[in-house]
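Throughout, protein chains are lettered first and strands after them, A, B, ... in sequence-line order, and every chain is numbered starting at 1.
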Amino acid sequence: MDEKYYAQKIEQKWQKRWAKNGTFETNVDETKEKFYCLEMLPYPSGRLHMGHVRNYSIGDALSWYKRLQGFNVLHPIGWDSFGQPAEQAAIKKGVNPREWTEDNIVQMREQLQRLGLSYDWSREIAAHRPEYYKFDQWFFLKMREMGLAYKKMTKVNWCPKDQTTLSNEQASGGVCWRCGHAVEKKDLAQWFFRITDYAEELLEGMEQLEDGWAERVLTMQKHWIGRSEGAFVEFKVQSSKFKVEDENSESIKVFTTRIDTIYGANSIVVAAEHPIIKANFDDFSDEVKTKIEEIRAELQKPKDYGEEIEKDGIDIGLKAINPFNNEELPVWIGNYVMMEYGSGAVMSVPAHDERDFEFAKKFDLPIRQVISEPHLVHEHQQMQALALEQAFTEKGVLVHSDFWNGKTSEDAKKEMTEFAEKQGFGEGAITYRLRDWGISRQRFWGAPIPIIYCDSCGEVPVPYDQLPVELPESAPFTGVGESPLARVPEFVNTVCPKCEKEDARRETDTMDTFVDSSWYYFRYTDPHNEILPFDPNAVNYWTPVDQYIGGVDHAVMHLLYTRFWTKAMRDMELVKFDEPVKKLLTQGMVVGESYYSDEHSTYFPEDSVNIKRDDRGKILSATLKEDDSPIKVAVEKMSKSKYNGVDPDDMVLIYGADAVRIFTLFAAPVENELVWQETGIDGAVRFLQRVYRYVNNWYSALKNTPKVEPDEFSPDARKLRQKTHQTIKRINENFETGQFNTPVAALMELLNSMNDFKVELNAANEGDLFAVNEAIKSLILMLTPYAPHICEELWEILTTSEEGILASNARLPIADEHWAKADELEIPVQVNGKLRSRVLASPEATNSELENLALADDKIKEHTNGKQIVKIIVVPSRLVNIVVK
RNA sequence: GCCGGGGUGGCGAAAUUGGUAUACGCACUAGACUCAAAAUCUAGCGGGAGCAAUCCCAUGUCGGUUCGAUUCCGACCUCCGGCACCA
């Protein structure tokens, strides 16, 4: 054993040995209980960042912990390797996206290996490889057969100059991010997955997840799905060319969640894209036409986040009849009504809806209160109009509503909906905010959608035996124009699988990368299957995922899509459960200190600034080295542009992977933000060095440790054993509740106790050796999830066996309650709830014994002398509280 | 605006879910070792009073429940995150 702890030497040794022995490779084993530990797969950008390190350190600790408990652990990794950055690199630097991606994977894989993460590398997958995306296409075809994949026209952000589609981010501010040209909306035929079919189930399924998923994630998903209960009501329209589904009725259908307020409706407001506008456009006055164009133009512009638009609209001259009271209402167009939600038309009830109120105020439309607070019903029924200061949106009691007067909102909603249904002008309905999932991307670097267009046969799916539809080697990457694939004739031109005519064309759009990540963790269970996405037996054994770990930024999109995908797979009879992930852990961001100037909002690297701190670390002044100008300091998410990131590789090189990992897990609870402080890693290194030194000091003496537990232990040895077993107990409890920081603290405490146990090596008796040996082996096994390299090394030294911790079948120690219990307890004694003294008592002491001990204590006597003891509260082995007057 | 989660030393954070508030670590201070430094070890480290034993105050603020509140209840202040014309 080396005198000193050389992290790099030990780490390289064990990384090699693990790889050689396939230590972390797993197979289906029905005799063992399985545990599937999954971390969100990385995008191969080329460099690992600290967020990755944190994510994987958590997963790795849990994997080790479960392995050491005897579970058969699946802990895989792969690459979310399709997507924008590769294509951007191709556009900007002219590199081939495939080569760029493969190079990045090689680099990042090495980085992961240098961290010593316990992945089963034989199961590595990458989304951009044909053997993987073949099954994206396979699933697409299945979805299409089930009616879950369909094509429809939708509006996309479109740059007319570059002739290309833009994401919302690329179109921010209403201009193209490349050329600055004004962005337009364009109709484009796009493929969708019918996730809305599962809206209700996605909502209901959350009940099963309540225990294992963070509440904030569930509420975000709930909000996203946005279920609301209400009713559609039809308002007959006079003098309109407009025709709806039922050609006999000419009416506008509105959606409302407050049918109880319908007597307060003063108008109907429709969206700019509503069919009635198009149908009657020619008949509108010029003024109306201009206004409509204006509103449409305004809506064309992509909106900036958080921007509130002033209400606008115009009376288009049509009249609609309120079916409840036959009142004739004007029809308006309004910029605040969205075509995508409900039916694209609302009844405007200003008295009871804030938006309608604002609209009515602006255009001076009548505001009529029809819901009243219960205690004001009588008054309101007497008065005709009431000057409302703001909309009254609460539920209440109906007034000015004819037959329905006096009913509560709740009752009225139910009964009025039934009435509408009976009369045939409405129906109860549930709408969702959730939209179908658009998966078409006009991009090269994604899985081609396996559809062929034939002039004779139309839209033809690629037959399963012709999958995968492979991406060509390359394409013209200009960043302008339509999908790059459209300009690769060898790809586009094909034979129709149905009629075998030669002038068929392939779909040139590729799939959203969220498709790849919706099912990748099923693929890990059987990653080399060439016929099916996975073998049902493998999936049945390994899935669902027991613990998923990742950033909260995926709370909605990825985690909702993958839940949808699982339900669809269930309906394909590929899996037997509804929810793919039992427990979800959302980790916090890794943040660092960044330096910036306010006016220019430019950031400076650390070596270009002078930071003066007081001796407690508080910043006194921060200036730029160059010209002494003052700068500002903030703690923000690590990023290259802010120069506040640290490179994991540098950290591993300087401090060692074990130290980096231990610090990452120790410094903060996993769901909190983690402030990166290099002095903190020093602490982790010191701890590991102390462990190493301790073993170095004892290991030869420990060769004489008795095999059988001796009968006699000195008081100090008993204390050490007590601490050992208490620590074991604590750490097991912590891991079960997903706490990763406190076990490290517990291990540090244990080591402190071990160091406090002062026995001369050559004077150590059997009991001492046994106690030390027990403490040290327990410490090592419990530290393994955090710092596996050093623990393997120390285990090898102590056991003089090279087989390694897992192969030796070592298990996490189990606490012995007998030893965990103290011989003597220090019981705090309070007088009137204030701590006044402590007494020593046996853990078995009865309540009255404790009372007597407390009352006999000198310090307590001082506080009770001459006072009347009202009562004494004894919490067994916890505390005594004496209440005096 | 709506929804959700937080506020504990100089800092990251603990606290058996109503029972010794500040474990563990960082930073800092003093001492030992050293020619010196680093490393290591020892001690101290919420605020205030006192030579001291000890006492008072302190978990965002103010109230309440309780023998006892960081924990439960009410009001407020404040920070962070999500959503945003969803009818």
Side-chain angles (χ1 to χ4, degrees), chain A residues 4 214-224 226-228 230 254-258 261 269 303 305-311 334-338 340-349 352-356 358-359 431-435 552-553 555-556 588-589 613-618 662-663 666-669 671-684 686-687 689-690 693 729-730 733 739 741-752 755 826-838 859 862 870-875 878-884:
Chain A
K4 266 189 74 189
E215 202 189 287
R216 60 173 167 168
V217 173
L218 294 179
T219 38
M220 276 162 78
Q221 291 207 356
K222 250 176 226 166
H223 195 101
W224 192 261
R227 179 185 200 272
S228 66
V254 305
F255 179 71
T256 176
T257 54
R258 292 297 302 273
T261 66
V269 186
K303 216 175 6 141
Y305 195 75
E307 190 186 341
E308 200 162 318
I309 294 169
E310 214 201 316
K311 299 264 176 307
N335 65 345
Y336 71 104
V337 179
M338 302 181 300
E340 301 84 51
Y341 186 75
S343 56
V346 300
M347 61 180 203
S348 180
V349 185
H352 305 292
D353 182 281
E354 279 169 27
R355 294 151 302 184
D356 296 341
E358 211 184 302
F359 194 70
T431 59
Y432 300 90
R433 199 189 97 107
L434 183 71
R435 305 286 143 70
V552 72
D553 36 333
V556 177
M589 287 188 303
R613 296 170 201 267
D614 67 9
D615 44 353
R616 286 178 147 166
K618 264 233 154 96
I662 218 168
F663 169 70
F666 173 62
E671 59 278 357
N672 283 23
E673 228 172 44
L674 171 65
V675 185
W676 193 260
Q677 279 177 324
E678 235 153 289
T679 52
I681 318 187
D682 285 333
R686 276 200 280 272
F687 171 60
Q689 278 169 341
R690 288 171 68 208
R693 246 181 281 137
K729 207 176 153 192
R730 227 175 108 183
E733 285 166 3
Q739 274 180 289
N741 54 336
T742 47
V744 181
L747 291 173
M748 285 170 170
E749 276 185 56
L750 176 59
L751 182 64
N752 289 346
N755 276 317
E826 206 184 53
I827 306 286
V829 182
Q830 301 179 328
V831 177
N832 287 347
K834 286 200 170 161
L835 179 70
R836 295 302 180 187
S837 183
R838 296 165 221 266
K859 287 179 208 155
E862 280 177 38
V870 182
K871 67 170 157 178
I872 302 178
I873 287 138
V874 181
V875 185
R878 256 298 125 75
L879 136 152
V880 178
N881 187 15
I882 301 164
V883 186
V884 299

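One interatomic measurement links the two molecules: CE of A/Met338 to P of B/C85, which rounds to 6 Å at whole-angstrom precision. As rounded to whole Å, 10 Å separates atom P of B/U66 from atom NZ of A/Lys871. Rounded to whole Å, the distance from CG on A/Leu751 to C1' on B/A23 is 16 Å. Distance A/Arg227 CZ to B/C3 C1': 18 Å, rounded to the nearest Å. Rounded to an integer number of Å, the gap from A/Gln221 CD to B/C83 C1' is 14 Å. Summarising the geometry, the separation between CG on A/Leu674 and P on B/G12 is reported as 12 Å, rounded to the nearest angstrom.
Take A/Arg836 and apply the salt bridge (charged side-chain N to carboxylate O under 4.0 Å, His left out) test, not counting sequence neighbours, and it matches no residue. Under the rule for a ring-ring contact (aromatic ring centres under 6.0 Å, His included), A/Tyr341 has no partner lying at least two apart in sequence or in another chain.
With a 3.5 Å limit on both pairing distances and Watson-Crick or G-U wobble geometry required, the stems of 3 or more pairs in RNA chain B span B:1-7 with B:77-83, B:10-12 with B:24-26, B:28-32 with B:40-44, B:46-49 with B:54-57, B:60-64 with B:72-76.
As rounded to the nearest Å, B/G60 and B/U54 have C1' atoms that lie 31 Å from one another. B/C11 and B/A27: their P atoms are spaced 15 Å apart (whole Å). On the C1' atoms, B/G6 is 14 Å away from B/A13, given to the nearest whole Å. If you take atom P in B/U42 and the same atom in B/G50, they sit 33 Å apart, rounded to whole Å. B/U17 sits 46 Å from B/A32 when the P atoms are compared, rounded to a whole Å. Comparing B/U65 with B/C73, their C1' atoms are spaced 7 Å from each other, to the whole Å.
Comparing atom distances between the A/Asn335 side chain and each of B/A87, B/G4, B/C85 picks out B/C85 as nearest.
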What pairs of nitrogen or oxygen atoms, one from the protein and one from nucleotides 52-58 of chain B, lie under 3.5 Å apart?
residue, atom, partner, partner atom, Å
B/C55, OP1, A/Arg836, NH1, 3.3
B/C56, OP1, A/Arg836, NH2, 3.2
B/C56, OP2, A/Arg836, NH1, 3.2
B/C57, OP2, A/Lys834, NZ, 3.4

Under-3.5 Å N/O pairs linking protein and nucleotides 24-26 of chain B:
residue, atom, partner, partner atom, Å
B/C26, OP1, A/Arg686, NE, 2.9
B/C26, OP1, A/Arg686, NH2, 2.8
B/C26, O2', A/Thr679, OG1, 2.9

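At B/A84, one or more side-chain N or O atoms of A/Arg433 fall inside 4.0 Å of OP1 or OP2 (strictly under the cut-off). Taking only side-chain nitrogens and oxygens, A/Thr219 never comes nearer than 4.0 Å to OP1 or OP2 of B/G82.
Residue-level contact check: A/Val254 touches neither bases nor backbone, having no heavy atom under 4.0 Å from any strand. Within 4.0 Å of A/Met220, counting heavy atoms only, lie sugar-phosphate atoms of the nucleic acid but no base atom. If you check every strand for non-hydrogen atoms under 4.0 Å, A/Glu354 touches nothing. Using a 4.0 Å heavy-atom distance criterion, A/Val883 is classed as a sugar-phosphate-only contact.
With a 6.0 Å cutoff to the six-membered ring centre and a 45° limit on the axis angle, A/Lys311 counts as a cation-pi contact of A/Tyr336.
Residues A/Arg435 and A/Pro828 both approach RNA chain B. Their nearest nucleotides, taken by heavy-atom distance, put A/Pro828 toward the 5′ side. Between A/Asn832 and A/Ser228, the residue anchored closer to the 5' end of RNA chain B is A/Asn832, taking for each the nucleotide with the nearest heavy atom.
On a pure distance criterion of 3.5 Å, a polar donor-acceptor pair joins the side chain of A/Lys311 and the base of B/C85.
Electrostatic pairing of A/Glu671 and A/Arg216 does not count as a salt bridge here, judged by no charged N lying under 4.0 Å from a carboxylate O.
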A correct 5'-to-3' footprint of nucleotides 14-19 of chain B, with B, S and - meaning base, sugar-phosphate only and no protein heavy atom under 4.0 Å, is SSB--B
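Ring-plane geometry between A/Phe663 and A/Trp676 is classed as perpendicular, the angle between the planes exceeding 60 degrees on a 0 to 90 degree scale with a lower cut at 30.
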